[in-house]
J.: 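Handing you a structure now.
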Amino acid sequence: MTTAPERSIADLYPTRGATEVATPRMDPVVWSAPGTPGPIEAADLASYERNGFLAMDRLITPDEVDTYRRELERLTSDPVMRADDRSIVEPKSQEIRTVFEVHKISEVFARLVRDPRVVGRARQILGSDVYVHQSRINVKPGFGATGFYWHSDFETWHAEDGLPKMRTVSVSIALTENYDTNGSLMIMPGSHQTFLGCSGETPEDNYKKSLQMQDAGTPSDEALSKFADAHGIELFTGRAGSATWFDCNCMHGSGDNITPYPRSNVFIVFNSVENEAVEPFAAPVRRPEYIGARDFTPVK
């Protein structure tokens, strides 16, 4: 097994060891100074800091939704794209469920990343310029698309991509109606204040399996039960064009979609330029750059 190069940055959040370990968060949630101007109002920013997420009923317009949906359909129906390593297929149907690095594949989605309504909120939360750590489109068609088990994104990004601190924020923008029945996002409010280091080593090339079915980095049933009892679970629904911003350490997941109604979204992960990825903290090798970026150029 290949060994990752030495790191000079301390590991504040140990994971993938012999036992499961809970560590109190050591980083701010909102990094900008109080009163810093930005598109998020003070009350909403305080809610984000407290709960770890912020839901918006309308981030983009219906016309924009149509534009992004057409581009999603173009990419997911392209046989060349389907054969690309950046595409992940549904295990059962063998249809595309995810396409990574869409801001580099598509100028349409690149414009969305640069949109002040999007990147401006990321800068305000993270208190600095930002770059795209990961972007993707997710497709969850009806009649059996699988969900994604409970996890903290930061656990994976720290262990396998080498993000040192919790200075990363994600936004999920709905391109279809999110019902309470079609596999919508679930989050445990306040769970972002505790890092749950999972047990078990990271297999080499773990990403090839984990992007279809999470295994390494999965919390135990006992830990998840304690988190749910302490924090509760909130389910996000909303019309196309709505968005959910959430902290990198929120415990979240989604169920299968067995309804006739598809669920598709654009997912963008912004990381602070002051939190550049180093070598993985708990994996033998880095994941590919289309999953965990090594281009730290700020979004302009």
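Computed from a prediction, not measured in an experiment: that's the story for all the values here.
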J.: With a 4.0 Å cut-off, would you call Lys226 and Glu222 a salt bridge?
T.: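 Between Glu222 and Lys226 there is a salt bridge, with a charged N closer than 4.0 Å to a carboxylate O.
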
J.: Return yes when atom OH of Tyr261 has more than 12 non-hydrogen atoms of other residues, nucleotides or ligands closer than 6.0 Å, and no otherwise.
T.: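 No, the 6.0 Å shell around OH holds no more than 12 heavy atoms from other groups.
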
J.: Determine, stepwise, if the pair Tyr13 / Phe281 fulfils ring-ring contact (aromatic ring centres under 6.0 Å, His included).
T.: CA-CA 9 Å; Tyr13 301 104; Phe281 286 86; 9.1 Å; no

J.: Begin from the C-alpha positions of Ser254 and Lys140 and carry the test side chain to side chain donor-acceptor pair (under 3.5 Å) through to its verdict.
T.: CA-CA 10 Å; Ser254 63; Lys140 187 178 279 190; 3.0 Å; yes

J.: Looking at Ile258, I'd like to know if its CD1 atom is crowded, meaning that more than 12 non-hydrogen atoms belonging to other residues, nucleotides or ligands lie closer than 6.0 Å.
T.: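 Counting neighbours around CD1 of Ile258, 12 or fewer heavy atoms of other residues, nucleotides or ligands fall under 6.0 Å, so no.
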
J.: Rounded at 0.5 Å granularity, tell me how far CD1 in Ile187 sits from SG in Cys250.
T.: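 The SG atom of Cys250 is 5.0 Å from CD1 of Ile187, to the nearest 0.5 Å.
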
J.: Measuring from His252:NE2 to Glu234:CD, what's the distance to the nearest 0.5 Å?
T.: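 Spacing of NE2 (His252) from CD (Glu234) equals 14.5 Å.
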
J.: Looking at Glu177 and Arg239, does any basic side-chain N land under 4.0 Å from a carboxylate oxygen?
T.: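 Between Arg239 and Glu177 there is no salt bridge, as every charged N stays at least 4.0 Å from the carboxylate O atoms.
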
J.: What I want to find out is whether Lys300 reaches Asp129 closely enough, with some N-O distance under 4.0 Å, to be called a salt bridge.
T.: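 Judged by the 4.0 Å cut-off on N to carboxylate O distance, Lys300 and Asp129 do form a salt bridge.
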
J.: In terms of ring plane angle, is the pair Phe267 and Phe246 parallel, tilted or perpendicular, where the classes change at 30° and 60°?
T.: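 Plane angle between 30° and 60°, so tilted.
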
J.: Specify the closest pair of heavy atoms between Asn138 and Leu72, including all atoms of both residues, with the distance to one decimal.
T.: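 In this case the closest contact between Asn138 and Leu72 is O-CD1, 4.3 Å.
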
J.: Among Asn271, Asp161, Asp295, which one satisfies side-chain hydrogen bond (donor to acceptor under 3.5 Å, both in side chains) with His133?
T.: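 Between His133 and the candidates, side-chain hydrogen bond (donor to acceptor under 3.5 Å, both in side chains) is satisfied uniquely by Asp161.
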
J.: Which is it for Ser272 and Ser128 under the side chain to side chain donor-acceptor pair (under 3.5 Å) test, yes or no, and what are the steps along the way?
T.: CA-CA 6 Å; Ser272 169; Ser128 68; 2.7 Å; yes

J.: For the residue pair Phe53 and Phe236, categorise the inter-ring angle as parallel (less than 30°), tilted (30 to 60°) or perpendicular (more than 60°).
T.: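 Rings of Phe53 and Phe236: perpendicular, as their planes differ by over 60°.
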
J.: Would you indicate whether Glu107, at its atom CD, is surrounded by more than 12 heavy atoms from other residues, nucleotides or ligands within a distance under 6.0 Å?
T.: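 For Glu107, atom CD is crowded (more than 12 foreign heavy atoms under 6.0 Å).
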
J.: State plainly whether the residues Arg82 and Glu95 are in salt-bridge range, i.e. N to O under 4.0 Å.
T.: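 Between Glu95 and Arg82 there is no salt bridge, as every charged N stays at least 4.0 Å from the carboxylate O atoms.
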
J.: Could you report the tightest heavy-atom contact between Arg86 and Glu101, atom names first, then the distance?
T.: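 In terms of heavy atoms, the two residues are closest at NH1-OE1, 3.3 Å.
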
J.: In the structure I gave you, are the side-chain heavy atoms of Pro219 and Met251 within less than 4.5 Å of one another anywhere?
T.: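 Touching, per the 4.5 Å side-chain cut-off.
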
J.: Give the minimum heavy-atom separation between Val299 and Val132, together with the two atoms involved.
T.: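 Heavy-atom minimum between the residues: CG2-CG2, 3.9 Å.
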
J.: Any idea which heavy atoms bring Met81 and Val99 closest together, and the distance?
T.: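 Closest approach of Met81 to Val99, heavy atoms only: CE-CG1, 3.9 Å.
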
J.: I'd like to know if Glu274 and Arg167 make a salt bridge, using a cut-off of under 4.0 Å between side-chain N and carboxylate O.
T.: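 Arg167 and Glu274: salt-bridged.
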
J.: Given ring-ring contact (aromatic ring centres under 6.0 Å, His included), test Tyr131 with Phe270 step by step and report yes or no.
T.: CA-CA 6 Å; Tyr131 70 92; Phe270 293 101; 9.4 Å; no

J.: Would you say Thr259's side chain and Gly142's backbone share a donor-acceptor pair under 3.5 angstrom?
T.: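 Looks like no, no N/O pair under 3.5 Å.
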
J.: Under 3.5 Å, is there a donor-acceptor pair between the Arg97 and Thr146 side chains?
T.: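 Yes.
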
J.: So which atom in Asn178 and which in Ala174 form the shortest heavy-atom distance, rounded to 0.1 Å?
T.: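 It is ND2-CB, 3.1 Å.
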
J.: Within the 3.5 Å criterion, strictly below it, is a donor on Asn51 or His192 matched to an acceptor on the partner's side chain?
T.: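 Per modelled atom types, Asn51 and His192 side chains form no pair under 3.5 Å.
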
J.: Check this for me: does any side-chain nitrogen of one of Arg25 and Asp247 sit under 4.0 Å from a carboxylate oxygen of the other?
T.: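 Counted as a salt bridge, because a side-chain N and a carboxylate O are separated by less than 4.0 Å.
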
J.: Can a donor-acceptor pair be found, under 3.5 Å and without considering hydrogens, that links the side chain of Glu20 to the backbone of Ser220?
T.: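 Side chain of Glu20 to backbone of Ser220: a pair is present.
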
J.: Is Glu279 paired with Arg286 through a side-chain N to carboxylate O contact shorter than 4.0 Å?
T.: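 Yes, Arg286 and Glu279 are salt-bridged.
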
J.: Donor-acceptor check, side chain of Ser225 to backbone of Asp221, threshold 3.5 angstrom: yes or no?
T.: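 A pair under 3.5 Å: yes.
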
J.: Regarding Arg117 and Glu64, does a basic nitrogen lie under 4.0 Å from an acidic carboxylate oxygen?
T.: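 Between Glu64 and Arg117 there is a salt bridge, with a charged N closer than 4.0 Å to a carboxylate O.
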
J.: Quick check: does any side chain N or O of Thr67 sit under 3.5 Å from a backbone N or O of Asp63, one acting as donor and the other as acceptor?
T.: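 Answer holds: yes.
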
J.: Between Asn265 and Ser172, is a side chain to side chain donor-acceptor pair (under 3.5 Å) present by the stated rule, with each step listed?
T.: CA-CA 6 Å; Asn265 69 306; Ser172 176; 2.6 Å; yes

J.: Please round to the nearest 0.5 Å and tell me the distance separating atom CG of Leu175 and atom CG of Asp66.
T.: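 Nearest 0.5 Å value for the CG-CG distance: 10.0 Å.
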
J.: Checking Thr202 against Arg16 for the side chain to side chain donor-acceptor pair (under 3.5 Å) test, could you report, in this order, the C-alpha distance in whole Å, the side-chain angles of both residues, the deciding distance, and whether it holds?
T.: CA-CA 7 Å; Thr202 308; Arg16 312 280 174 101; 2.7 Å; yes

J.: When the ring planes of Tyr290 and Phe100 are compared, do they come out parallel, tilted or perpendicular, using 30° and 60° as the limits?
T.: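 Because their plane-to-plane angle lies in the 30° to 60° range, the rings of Tyr290 and Phe100 count as tilted.
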
J.: Please name the pair of heavy atoms, one in Lys165 and one in Phe154, separated by the smallest distance, quoted to 0.1 Å.
T.: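 Looking at all heavy atoms of both residues, the shortest contact is O-CE1, 3.2 Å.
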
J.: Please determine whether a side-chain nitrogen of the Lys or Arg among Glu71 and Arg74 lies less than 4.0 Å from a carboxylate oxygen of the Asp or Glu.
T.: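 So Glu71 pairs with Arg74 through a salt bridge.
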
